[in-house]
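Predicted, not measured: the structure shown is a model, and the values here were computed from it. Indexing begins at 1, ligand by ligand and atom by atom, following the structure's order.
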Amino acid sequence: FDLKNEDLKDLQELGQGNGGSVKKVEHIPTKTIMAKKIVLIDAKPSVRKQILRELQIMHDCHSKYIISFWGAFLADPNICMCIEFMDKGSLDGIYKKIGPIDIDIVGQVALAVLEGLTYLYDVHRIIHRDIKPSNILLNSRGEIKICDFGVSGELINSIADTFVGTSTYMSPERIQGAQYTVKSDVWSLGISLIELALGRFPFSESTSDGESDSDYEGTLSPARPGSISLSGLPPARIKRNTPKKDKRKSKGVSLQGGGMTMSILELLQHIVNEPAPRLTPEGRYPKEAEAFIDSCLLKDPDSRKTPKDLLKDAWIEQARVSTVNLEDWASTF
Ligand code: ATP
Ligand code: MG
């Protein structure tokens, strides 16, 4: 049906990211509850229309591991996307509420994300580009789905032009300016899974909660492909990087331990130069889980497997036949 802003009633603020904000809304004519994502885009009308056209691909994405799409429309100066509402929210919010997530549940997350990525790539040739816990959603039926994937090249460009997320889930090859491939998503999945299992961002040594009051932004600007060059840059702190144009929430990223705080630039250098993080302490988790995450976090993208190949991994096959009940789990918080 034809979605119009006038037909949507705001019910609740669900969260804010770098790209915009998300609200729980009701589509009055059909009484349907949806999530409305508002993205502020500083682009010409022709580009906006192009973005809107590209977003229509989402109407053809049908998988139980992918968030479903109600439609998109322009509401100057924003683009609004209405997507399936997931009542348990994103996995970052969940672990921040309940603490580290049981490894068997993390296995179910890995399975769902790999299935979603494989569907997007095999059927639509879409690479996600932004796998992280805040883009993995859960509902009370125990379904896990991914959202915020890169369907629209123009949208990716426009966001890159206005405000750029250089995410800390980014693979070493991406930090060094290489093309995105499905294997970059696998790296981001590996980082995300460690974060869920440990209950904190893996590059943070602090034992307390994952969120810190860092002075540093989790983003760098600009970050067009190939534009980040770490070589030749001093290991010095970069200045606090205040979002332009509007007051969107910024998320600090820091690597803390023994009083040390790492700037975003140092973190990116760390990802490129140091061994990848692992599930620690060794021996706490099943060895199949350790091996799976190690294979997601192979620094050389040529050695790293694709999502499709990883669906045959021993840990994922175990997850497939596991008796864990996500619906029961979701009812505990
Ligand atoms: P970033 O902008 O860096 O990608 P983000 O993913 O947290 O960060 P948004 O995509 O704007 O930012 O989402 C904000 C929050 O809204 C998410 O963290 C999530 O908790 C919530 N959210 C997003 N989509 C939905 C949805 N379909 N159903 C329920 N909650 C959602
Ligand atoms: Mg998101």
Consider every N or O of I83 and every N or O of ligand 1, then say whether any pair is closer than 3.5 Å.
no
Restricting to heavy atoms, the pick from P133, G93, S90, S68 nearest atom 18 (O) of ligand 1 would be S90
Are R53 and Q50 close enough, and set up right, to give a side chain to side chain donor-acceptor pair (under 3.5 Å), and what steps lead you there?
CA-CA 5 Å; R53 272 197 299 278; Q50 170 71 13; 2.8 Å; yes
Do any N or O atoms from the side chain of D313 and from the backbone of W315 form a donor-acceptor pair under 3.5 angstrom?
yes
Establish, yes or no, whether a centroid distance under 6.0 Å links the rings of Y121 and H128.
no
Minimum distance, heavy atoms only, to atom 26 (C) of ligand 1: which one of G15, A35, C82 is it?
A35
So for K132, does at least one of its heavy atoms come nearer than 4.0 angstrom to any atom of ligand 1?
yes
Does K24 come within less than 4.0 angstrom of ligand 1, counting non-hydrogen atoms of the residue?
no
Pairs involving residues 320-333, ordered by first then second residue, that meet salt bridge (charged side-chain N to carboxylate O under 4.0 Å, His left out) (sequence neighbours left out)
E115-R320
Can you check whether F292 reaches I316 side chain to side chain, under 4.5 Å on heavy atoms?
yes
Sole residue of I127, L310, T306, I131 in side-chain contact (heavy atoms from CB on, under 4.5 Å) with L117:
I131
Less than 3.5 Å between some nitrogen or oxygen of D92 and one of ligand 1, yes or no?
no
Could you check if a side-chain atom of I33 sits within less than 4.5 angstrom of a side-chain atom of K24, using non-hydrogen atoms only?
yes
With heavy atoms of D130 as the reference, note each atom of ligand 1 found under 4.0 Å away.
4 (O)
Compute the centroid of each ring, for Y169 and then for F201, and state whether the two points are separated by less than 6.0 Å.
yes
Ligand 1-proximal atoms of V22, by part, heavy-atom distance under 4.0 Å:
side chain
State, without any angle test, whether D92 and S134 hold a side-chain donor-acceptor pair at a distance under 3.5 Å.
no
Every N, O or S from the protein that is nearer than 2.8 Å to the Mg ion (ligand 2):
N135 OD1, D148 OD2
Here the atoms of ligand 1 under 4.0 Å from any heavy atom belonging to N135 are 6 (O)
Please find the pair of heavy atoms, one from R174 and one from S184, that lie closest to each other, and give the distance.
CG-OG, 3.8 Å
Heavy atom under 4.0 Å from ligand 1: found in D87's side chain, backbone, both, or neither?
neither
When you compare ligand 1 with K37, is there at least one nitrogen or oxygen pair between them that comes in under 3.5 angstrom?
yes
Taking atom types as modelled, find out whether N273 and Q269 have a side-chain donor-acceptor pair closer than 3.5 angstrom.
no
Quick one: CZ on F73 to NZ on K36, what's the gap to the nearest 0.5 Å?
5.5 Å
Give the atoms of ligand 1, by number and element, whose distance to some non-hydrogen atom of G20 is under 4.0 Å.
11 (O)
